[in-house]
Amino acid sequence: MRIWPGSPYPLGATWDGEGVNFALFSRTATRVELCLFDERDAQRELARIPFRDRTNSVWHAYLPDVRPGALYGYRAHGPYAPEQGLWHNPNKLLLDPYAKAVSGDIVWHDAVFGYDRSHSGGGAGPSALDSASFTPRAVVIDGAFTWGDDRAPRTPWSRTVVYECHVKGMTARHPEVPERLRGTYLGLASDAVLDHLLALGITAVELLPVQHAIDEERVVGRGLTNYWGYNTIGFFAPTSRYASGGRGEQVHEFKTMVKAFHRVGIEILLDVVYNHTGEGNDLGPTLSFRGIDNSAYYSLVPGDLRHYHDFTGCGNSVNVHQPRALQLVLDSLRYWVMDMHVDGFRFDLATTLGRSPFEFDTCARFFSTVQQDPVLSRVKLIAEPWDVGPGGYRLGGFPPGWAEWNGRYRDTVRRFWRGDEGTVPELASRLSGSSDIYQGSDRGPHASINFVTCHDGFTLADLVSYERKHNAANGENNRDGTDEHYSHNWGAEGGTDSGSVLRVRDRMQRNLLATLAFSQGVPMLSHGDEFGRSQQGNNNAYCHDGELTWVDWTRDDRAQSLLEFVRQVFFLRRQNPVFRRRRYFAGSPITDDGVKDVQWLKPDGGELAQDDWANQRNLVLGMLVPGDASDEVDERGRPNRGETLLLVLNASHRNRAFLLPDVPGGQHWRERINTGIPHRPTDAVATNRPSVAPELATSAPIGDEARAPASSPEPLSRRGPGGRGSPGRRTDWYPSRVPKGRVINVAPHSLILLSYEVDA
């Protein structure tokens, strides 16, 4: 086989149409060998080629006789001295950190460990076992792809609605996806899925990790798998688990998926894990980075270089303060944007990336480099703003250009609707974009990624059905998963046949989803929540690749009703620019007649005073936003005026009468959403009938209203002369509009959105 010197750049295996250039960085190795394997029998090693050329610590060679589809790995010779942070062992086949595709999975065996595992505590010396039969191979790919007129949608943050989903879980049970495509990239790009997302108003899909990952030994030992994929070992390679094959098909099929999403205007965001790798702590396997140049990639404990700083809870931490680790991450990100055409990233445990090298720094190398990068600075960047290290909770601490998962939004909204006292002041901050968190870092409302649920924790249906986690199936004695989930089961733990309990649960789901849709910031839905997906109370289902986690697309009437409700609330968000402000509310007049950009109202129609905000027992809040408060403009800078909207939230256990404010310029309010009424799409969309009974459409006094039981499934406004209305009963005696200055009834545990009709 011909071997030419080649080039130290680019790193990885690069096919140029005539041959393949191989380049691998290692400053500590004394010798590097390229191992080529039989494409028909991946276990058979065909050749072991020593690199003769090294430039600036990069080992390189050009092989004109190698073609795309070739399987390869590396062996790095050098000192084995873990106490000095050196783990070289040529008996270990190492995965190329820049591999564009990976074939095969790890097989857990003593051979994959760099140390002699027969000795306790990491062993007294290097392992003599060859790992090649138990580790994956890198694949040489041909990156050519016909993108045609594909272009990034570049949806502005103000119009972004994120949908978090799992590639396999989304389609594994979808009856309208061809069976051979279920659970794959191509299945996710099917018309059935795209139509569903478009009907919801989704503008960006955030995929759980798709970079090549491995299953942990302890998880495999329990007969389970790392379904979520937060254990990356290949930062450039899309996993082959969601493709028809692992010899480059995964790259082509991933690109095909992206192109299909872009064609309908939906962005692709990747949940990426650059904070750690699948090699774990010093007792973990030697698969790639550890055996190539351990100290160049990982954060090691000074004075104890055998051990790793573990800011992630996963055994190690990638040290992007080191130049080569930083280069790896940046090269990987650019590759996903430029070659794979993705539109942005959500960074798992992003605080670790901001450690310089141990303390978090807003001006850390990673942040400053990304901010200056002409490619990465233009895509969506979302941080999970915490890790498990000292001072790891950094919500609000990321620099301009970054959005963040807002965990305080999640907790506040959950606690308010659960009925926790003292939550109204913070709820107002969350509804209005969390300026208390983000304004200090010179960022607007869209720095806040608002969510009520995500992959980690209860699903929405479980949030209102369970008060305890039920994680026994994970094999960890129910110790895993958070205990602080602010849930409530509303009368029964888990499944129930009680109609009253089910109706309250349905209402609470509507409350949580409507609050999400009507809050300033960027909303994020978790897949399946739009029609009540359950994980049977498991709030840490990371290790289940099966029906527990796959979305069940069969829907009964309750699920269909919830789905259509979600479509409606996000349609209203899209229709009204007052929900999509780019700047924070100031609470000051915006018109000559003194109308403020936002007013916080109490049930008697007056603004909340200091004593009202301090009232710990208050669980009712009105939010009035005039149409002139919209700061959205078109491409020429012309203002896009919205509707004047009143949002009323009642998390108490009783009905509350609420006086509609006297707004200048019109006469009537029209109800758009009322979560207290079981959702009937024809009633809600076609008639927009408000929940005002004849006896309440007068100047009724504000005071102590008649109490209703906490489990009351219907608002009092549905109780006409014939008594409580049944779920399917028409209520044609409701007036279509409510005059301003009148009183409406707000049912227990319900939300109402009204729009103001300005007279022509």
Got a donor-acceptor contact below 3.5 angstrom from the Arg443 side chain to the Gly440 backbone?
no
Going from OH on Tyr242 to CZ on Phe254, what distance comes out if it is rounded to the nearest 0.5 angstrom?
11.5 Å
Just wondering, are more than 12 heavy atoms of other shown residues or ligands nearer than 6.0 Å to CZ in Arg151?
no
Counting only N and O atoms by type, is there a donor-acceptor contact under 3.5 Å from the side chain of Glu384 to the main-chain atoms of Leu349?
yes
Using only atom types and a distance under 3.5 Å, with no angle test, would you say the side chain of His88 pairs donor to acceptor with the backbone of Gly291?
yes
Donor-acceptor pair between Asn56 and Tyr9 side chains, under 3.5 angstrom:
no
Tyr62 versus Gly6, closest heavy-atom pair with distance:
CB-CA, 3.5 Å
Donor-acceptor contact present, side-chain Thr232 to main-chain Phe235, <3.5 Å:
no
How long is the span from the OG1 atom in Thr312 to the CG atom in Asp348, to the nearest 0.5 Å?
8.5 Å
Phe398 and ring-ring contact (aromatic ring centres under 6.0 Å, His included): which single residue from Tyr438, Phe367, Trp405 fits?
Phe367
Salt bridge between Asp387 and Arg355, side-chain N to carboxylate O under 4.0 Å?
yes
Taking the basic N atoms (NZ, or NE/NH1/NH2) and the acidic carboxylate oxygens, is any pair closer than 4.0 Å for Lys380 and Glu267?
yes
Distance in Å, Thr225 OG1 paired with Ile214 CD1, rounded so as to fall on 0.5 Å steps:
11.0 Å
Do Gln211 and Tyr274 pair up side chain to side chain, a donor and an acceptor below 3.5 Å, judged on atom types alone?
yes
Just so I know, are the side chains of Ser240 and Glu249 near enough to count as touching, which here means a heavy-atom distance under 4.5 Å?
no
Determine whether Tyr185 and Thr256 satisfy the following criterion, side chain to side chain contact (heavy atoms under 4.5 Å, CB included), listing intermediate values before the conclusion.
CA-CA 8 Å; Tyr185 301 120; Thr256 301; over 6 Å; no
So, do Thr549 and Trp228 sit near enough that their side-chain heavy atoms are less than 4.5 Å apart?
no
Using only heavy-atom distances, determine whether the side chains of Asn316 and Glu279 contain a donor-acceptor pair under 3.5 Å.
no
So Pro153 and His262, do their side chains get closer than 4.5 Å, heavy atoms only?
yes
For Arg334 and Asp373, what are the C-alpha separation, side-chain angles and deciding distance, and is it a salt bridge (charged side-chain N to carboxylate O under 4.0 Å, His left out)?
CA-CA 9 Å; Arg334 291 190 202 98; Asp373 190 281; 2.7 Å; yes
More than 12 heavy atoms of other residues, nucleotides or ligands under 6.0 Å from CG of Asp65: yes or no?
yes
Glu18 side chain vs Asp16 backbone, donor-acceptor pair below 3.5 Å:
no
Sub-4.5 Å side-chain heavy-atom contact between Ile233 and Ile106:
no
Tell me if the aromatic rings of Phe145 and His341 count as close, with their centers under 6.0 Å from one another.
no
Side chain to side chain contact (heavy atoms under 4.5 Å, CB included) for Leu207 and Leu188? Distances and angles first, verdict last.
CA-CA 10 Å; Leu207 302 180; Leu188 190 65; 3.6 Å; yes
Looking at the rings of Tyr393 and Phe360, which for Trp means the six-membered one, are their centres under 6.0 Å apart?
no
Do Tyr74 and Trp59 have ring centroids that are under 6.0 Å from one another?
no
Smallest heavy-atom separation, Ala23 atom then Pro8 atom, equals CB-O, 3.8 Å
Are the side chain of Asp310 and the backbone N or O of Cys314 linked by a donor-acceptor pair below 3.5 Å?
yes
Once the angle between the rings of Phe366 and Phe347 is folded into 0 to 90°, is it parallel (under 30°), tilted (30 to 60°) or perpendicular (over 60°)?
perpendicular
Distance-only, no hydrogens or angles: does the Ser448 side chain make a donor-acceptor pair with backbone N or O of Pro445 under 3.5 Å?
no
Any donor-acceptor N or O pair under 3.5 Å, side chains Ser103, Arg247:
yes
State, yes or no, whether a side-chain contact exists between Thr171 and Thr184 at a heavy-atom distance under 4.5 Å.
no
Are Ser299 and His321 close enough, and set up right, to give a side chain to side chain contact (heavy atoms under 4.5 Å, CB included), and what steps lead you there?
CA-CA 9 Å; Ser299 179; His321 196 66; over 6 Å; no
Does Arg137 reach the main-chain N or O of Ala42 with its side chain, forming a donor-acceptor pair under 3.5 Å?
yes
Inter-residue atom distance Thr352.OG1 - Asn319.CG, 0.5 Å rounding
10.5 Å
Looking at Asp545 and Lys168, is any side-chain nitrogen of the basic one under 4.0 Å from a carboxylate oxygen of the acidic one?
yes
Counting C-beta onward and ignoring hydrogens, is there a side-chain heavy-atom pair between Val318 and Phe289 closer than 4.5 Å?
no
Are more than 12 heavy atoms from other residues, nucleotides or ligands located less than 6.0 Å from atom CZ of Arg48?
yes
Out of Arg583, Arg574, Arg159, which one pairs with Glu632 under the salt bridge (Lys or Arg N to Asp or Glu O under 4.0 Å) rule?
Arg159
Side chains of Thr277 and Arg290: is there a donor and an acceptor less than 3.5 Å apart?
no
When every non-hydrogen atom of Pro97 is compared with those of Tyr297, the smallest separation belongs to CG-OH, 4.4 Å
Would you find a donor on one side and an acceptor on the other, under 3.5 Å apart, between the side chain of Thr351 and the backbone of Trp386?
yes
Taking 4.0 angstrom as the limit, do Glu164 and Arg346 come out as a salt bridge?
no
Regarding Tyr230 and Asp271, do their side chains bring together a donor and an acceptor under 3.5 Å, going by distance alone?
yes
With respect to Val522, which candidate in Val162, Ile382, Asn406 satisfies the side chain to side chain contact (heavy atoms under 4.5 Å, CB included) definition?
Val162
Does this structure show an ion pair linking Arg394 with Glu404, if we count only N-O contacts that are shorter than 4.0 Å?
no
Nearest heavy-atom neighbours spanning Leu300 and Ser295:
CD1-CB, 3.8 Å
I'd like to check the side chain to side chain donor-acceptor pair (under 3.5 Å) partners of Asp361; sequence neighbours left out, ordered by chain and number.
none
Using 4.0 Å as the upper bound for N to carboxylate O, is an ion pair formed by Asp150 and Lys255?
no
Salt bridge check: are Arg241 and Asp215 linked by an N-O gap of less than 4.0 Å?
yes
Could you give the distance from CG (Leu287) to CG (Leu95), rounded to the nearest 0.5 Å?
8.0 Å
In Tyr98, Phe22, Phe37, the residue satisfying ring-ring contact (aromatic ring centres under 6.0 Å, His included) with Tyr72 is Phe22
Return the CG to CG distance between Leu94 and Leu24, rounded to the nearest 0.5 Å.
8.5 Å
Looking at the rings of Tyr227 and His166, which for Trp means the six-membered one, are their centres under 6.0 Å apart?
yes
Closer than 3.5 angstrom, by distance alone: can the side chain of Thr203 be matched with the main-chain N or O of Val161 as a donor-acceptor pair?
yes
